[in-house]
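The structure under discussion appears below in the form of structure tokens.
Residue numbers start from 1 in every chain, and the chains themselves are labelled A, B, ... in the order their sequence lines are given, proteins ahead of strands. Just so you know, these numbers come straight off a predicted model, no measurement behind them.
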Amino acid sequence: MHQFRTHTCGELTKADAGKTVRISGWIHSVRDHGGVIFIDLRDHYGKTQVVIDPNKSFYQELDKWRVETVVCFTGTVVTRAAETVNPKLATGEIELVAEDMVILGECDVIPFQIAKEEQAPEATRLAYRFLDLRKEKLHSNIMLRSKLIAEIRRFMTGLGFNEIQTPILTSSSPEGARDYLVPSRVHPGQFYALPQAPQQFKQLLMIAGFDKYFQIAPCFRDEDARADRSPGEFYQLDMEMSFATQDDIFAVIESLFMEIFPKFSSKKLTPAPFPRIPYRESMQKYGSDKPDLRNPLFIQDVSDIFAKSGFKAFASVVENGGKVKAIKVPGIAGQPRSFYDSMIDFAKECGAKGMAYIIWTGNEEKSPIVKFMAREELDALKAAGNIQDGDVMFFLADKESLALEVGGQVRTELGKRLNLISDDEFKMCWIVDFPMFELDEETGKPMFSHNPFSMPQGGMEALETMDPLSINAYQYDIVCNGIELSSGAIRNHRPEIMYKAFEIAGYDKSVVDEKFGGMIKAFKLGAPPHGGIAPGVDRMAMLLCDEPNIREVIAFPFNQQAQDLMMNAPATVDMKQLRELRIIPLPQELKFEETFKKLYAEAARIREIEAAANNTTAGDAAK
RNA sequence: GGAGUUGUAGCUCAAUUGGUUAGAGUGCCACCCUGUCACGGUGGAUGUUGCGGGUUCGAGUCCCGUCAAUUCCGCCA
């Protein structure tokens with residue numbers, strides 16, 4: 001019986017000198033000096049230098065050696081001479097003098113290099129994901145993720161949270177995204193849905209009295225990808241607490257983040273309590289509900305100053321109900337003209353009609369619009385922006401929502417181009433007080449603005465007495481460096497408040513009963529007040545690994561088209577499976593002829609196979 | 001579904017205003033080398049310039065179409 005190893009490639013030290021040991025791993029690199037050969041042998045734990053004398057008999061097998069071959073070396077641990085120590089290697093003070101060698105797994109020429117910093121095309125990387133995962137950075141990303149999840153479990157369990165699995169095969173839920181559907185064999189024509197989130201289950205767990213629940217929960221959404229959004233599936237730290245206020249939820253997440261972020265990254269973390277920013281303030285100040293607070297720039301409203309201005313373009317916008325928004329950028333008066341031009345182009349690409357700017361330099365204002373403006377207006381701007389010499393202000397005038405939206409993008413772009421965003425900190429904030437309702441621009445009536453199941457602030461009284469558009473929900477987001485880590489809410493657990501909220505949004509009681517009857521029934525049978533949140537595990541890992549793309553923290557990610565290029569998913573399936581599931585193509589959705597040609601061809605093929613099977617003497621297949 | 005960027009050797013990239021045989025590094029193959037650790041040296045093989053069409057005496061380069069990758073918008077708590 002051949003023992004594969006006595007040690008890993010990462011653990012031998014000077015203390016082991018003189019021992020005969022055995023290590024196994026991948027040939028990371030070969031340095032053949034003719035009279036002596038060095039091999040770096042790599043495994044999950046590290047690398048060890050193996051020294052080979054070409055006179056050894058096993059050297060003859062060198063022909064088969066190639067980088068990434070899996071081999072087992074037996075040899076003696078030797079302390080390296082001082083001048084040959086490799087300080088870059090944890091095992092760099094020793095080396096293994098090989099006495100015997102066995103090849104455990106041969107390796108063809110690899111499609112991209114693993115030992116060298118060489119970036120292969122995404123499609124190749126994904127098709128050979130198991131090779132890509134051998135690379136140091138990706139390997140360590142996946143390990144960080146693994147440890148992150150272990151730490152989350154440890155911490156949450158320590159706080160008294162219970163991890164409980166919820167169904168993967170469930171029913172289509174009222175979340176906003178498209179579902180992944182799974183056909184039912186037992187009930188032809190009916191479908192399971194994969195959960196977009198275990199939302200209803202975790203609420204039911206609260207109603208069932210489990211008090212504190214969490215789960216590293218897989219979630220499935222059939223939506224298109226982004227750099228920070230993997231298509232198809234992702235993981236959340238899903239959690240829910242009974243008898244909890246919004247501040248209770250915040251305290252748990254803050255303590256978790258304070259515990260975890262410093263463990264996995266040396267970047268500076270916002271100390272708890274994280275700033276709470278009301279949704280409306282965030283929109284006004286940052287033009288976004290997920291502001292990157294590392295960026296010091298902010299938007300301010302200067303509509304009043306331009307209301308009666310001689311600069312008619314802006315004055316008329318204000319007169320027609322629009323707004324003028326300004327972003328001050330300190331000390332950039334020295335930027336060339338081309339900088340301003342390209343920023344204006346950028347604003348236009350974002351949907352602005354244009355963008356104006358004023359440069360304060362040497363006690364005077366420089367700008368194409370200054371000549372239209374009165375002295376008092378310029379002074380008022382200077383005061384409003386607390387302008388110092390060398391500062392620049394950019395202006396966007398439009399319908400308020402558009403001016404803010406573009407302003408938000410301009411703010412981010414300025415931050416990037418001017419290098420205002422520090423790379424060594426995590427700036428956290430809570431966005432709170434999301435409006436419960438917003439105006440449906442088509443119907444002019446209130447509709448739910450985010451989650452219909454959040455508790456309105458002020459409860460029933462607010463719904464009955466206040467203007468719906470001014471009611472806030474106990475609904476919140478947590479944002480880190482401009483990335484939304486999660487939404488959460490204190491849930492609406494009172495049926496009568498639920499009916500009332502839906503009534504305001506234009507839904508009859510019967511509709512609520514029909515669509516959400518299960519939940520309503522549960523709420524009627526003793527539901528505790530409860531709330532929760534579900535930070536994205538992938539996004540947390542992405543931030544902690546300092547990766548710009550979420551694929552870099554997922555072991556086997558989809559590509560942007562939601563395909564797994566290694567497993568070849570999705571794929572066509574056998575007609576037999578489709579028949580069994582009663583999946584019948586709808587002729588009106590397909591070209592008739594083509595469809596039926598294919599069907600007939602497939603049917604003929606299956607008849608052949610079945611006929612062949614029937615003709616052969618029965619083998620393993622029991623009848 | 002829409003927009004931007006990119007597409008040249010296995011990989012990273014070069015190739016002047018359109019100009020003659022498309023180059024370099026790395027990898028691959030062969031040989032040399034006893035202290036390297038991204039070892040070094042010599043030599044060699046490797047290209048449908050994504051694909052299809054067009055303009056031109058001549059296209060990697062210009063035009064049109066198409067495909068693919070990626071980023072963004074739509075969508076998505």
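- Using N1 to N3 plus N6-O4 or O6-N4 for Watson-Crick, or N1-O2 and O6-N3 for G-U wobble, each under 3.5 Å, U56(B) pairs with nothing.
- Within 4.0 Å (heavy atoms only), Asn549(A) reaches sugar-phosphate atoms of the nucleic acid but no base atom.
- The C1' atoms of A68(B) and C75(B) are separated by 23 Å, rounded to the nearest whole Å.
- Counting to the nearest Å, the P atom of C37(B) and the CD1 atom of Ile39(A) are 16 Å from each other.
- Remark: the Asp32(A) side chain and the C33(B) base include a donor-acceptor N/O pair separated by less than 3.5 Å.
- For Glu223(A) and G74(B), a side-chain-to-base donor-acceptor distance below 3.5 Å is absent, hydrogens and geometry of angles not being considered.
- Both distances falling under 3.5 Å, in either a Watson-Crick or a G-U wobble arrangement, place C11(B) opposite G25(B).
- Within the shown strands, A69(B) is the pairing partner of U5(B) under the Watson-Crick or G-U definition, both distances less than 3.5 Å.
- Heavy atoms of Arg551(A) sit under 4.0 angstrom from primed sugar atoms or phosphate atoms, though from no base atom.
- U34(B) is unpaired under the criterion used here, namely a Watson-Crick or G-U wobble arrangement in which both key atom distances are under 3.5 Å.
- The base of C75(B) is paired with the side chain of Arg229(A) by a donor and an acceptor separated by under 3.5 Å.
- Across all strands, Ala227(A) comes closer than 4.0 Å only to sugar-phosphate atoms, never to a base (heavy-atom distances).
- Residue contacts for Gln49(A): at a heavy-atom cut-off of 4.0 Å it reaches a base atom on one of the strands shown.
- Taking the six-membered ring wherever Trp is involved, the centroid distance between the rings of Phe516(A) and Phe453(A) falls below 6.0 Å.
- Checking Asn55(A) against Asn86(A), the closest nucleotide of RNA chain B that is more toward the 5' end is the one next to Asn55(A).
- Residue His33(A) and nucleotide U36(B) are not classified as a stacked aromatic pair, given the requirement of ring centres less than 5.5 Å apart at an interplanar angle below 30°.
- Contact annotation for Lys47(A): no contact, since no heavy-atom pair falls under 4.0 Å across all strands.
- As judged by a 4.0 angstrom heavy-atom cut-off over every strand, Glu122(A) is placed among residues touching the sugar-phosphate backbone only.
- For the C1' atoms, the distance from C62(B) to G1(B) is 30 Å, rounded to whole Å.
- Nucleic acid contact class of Glu484(A) (heavy atoms, under 4.0 Å, all strands): sugar-phosphate only.
- Among the atoms of the strands shown, only primed sugar atoms or phosphate atoms (P, OP1, OP2) are found under 4.0 Å from some heavy atom of Ser29(A).
- Of the nucleotides present, none pairs with U20(B) by Watson-Crick or G-U wobble criteria with both distances under 3.5 Å.
- Note on Glu484(A) versus Lys290(A): no salt bridge recorded, every NZ/NE/NH1/NH2 to OD/OE distance being 4.0 Å or above.
- The distance from atom NZ of Lys88(A) to atom P of C39(B) is 9 Å, rounded to the nearest whole Å.
- Within 4.0 Å (heavy atoms only), Phe38(A) reaches at least one base atom of the nucleic acid.
- Salt bridge absent: Lys399(A) and Glu405(A) never bring a charged side-chain N and a carboxylate O closer than 4.0 Å.
- Nearest-nucleotide positions on RNA chain B for Phe112(A) and Leu89(A) put Phe112(A) closer to the 5' end.
- If you check distances only, the side chain of Arg31(A) never reaches the base of U34(B) with a donor-acceptor pair under 3.5 Å.
- Taking atom P in both U71(B) and U12(B), the straight-line distance is 16 Å, to the nearest Å.
- Base contact: Glu95(A) has a heavy atom under 4.0 Å from a base atom.
- Going from the C1' atom of G23(B) to that of A45(B) covers 16 Å, rounded to whole Å.
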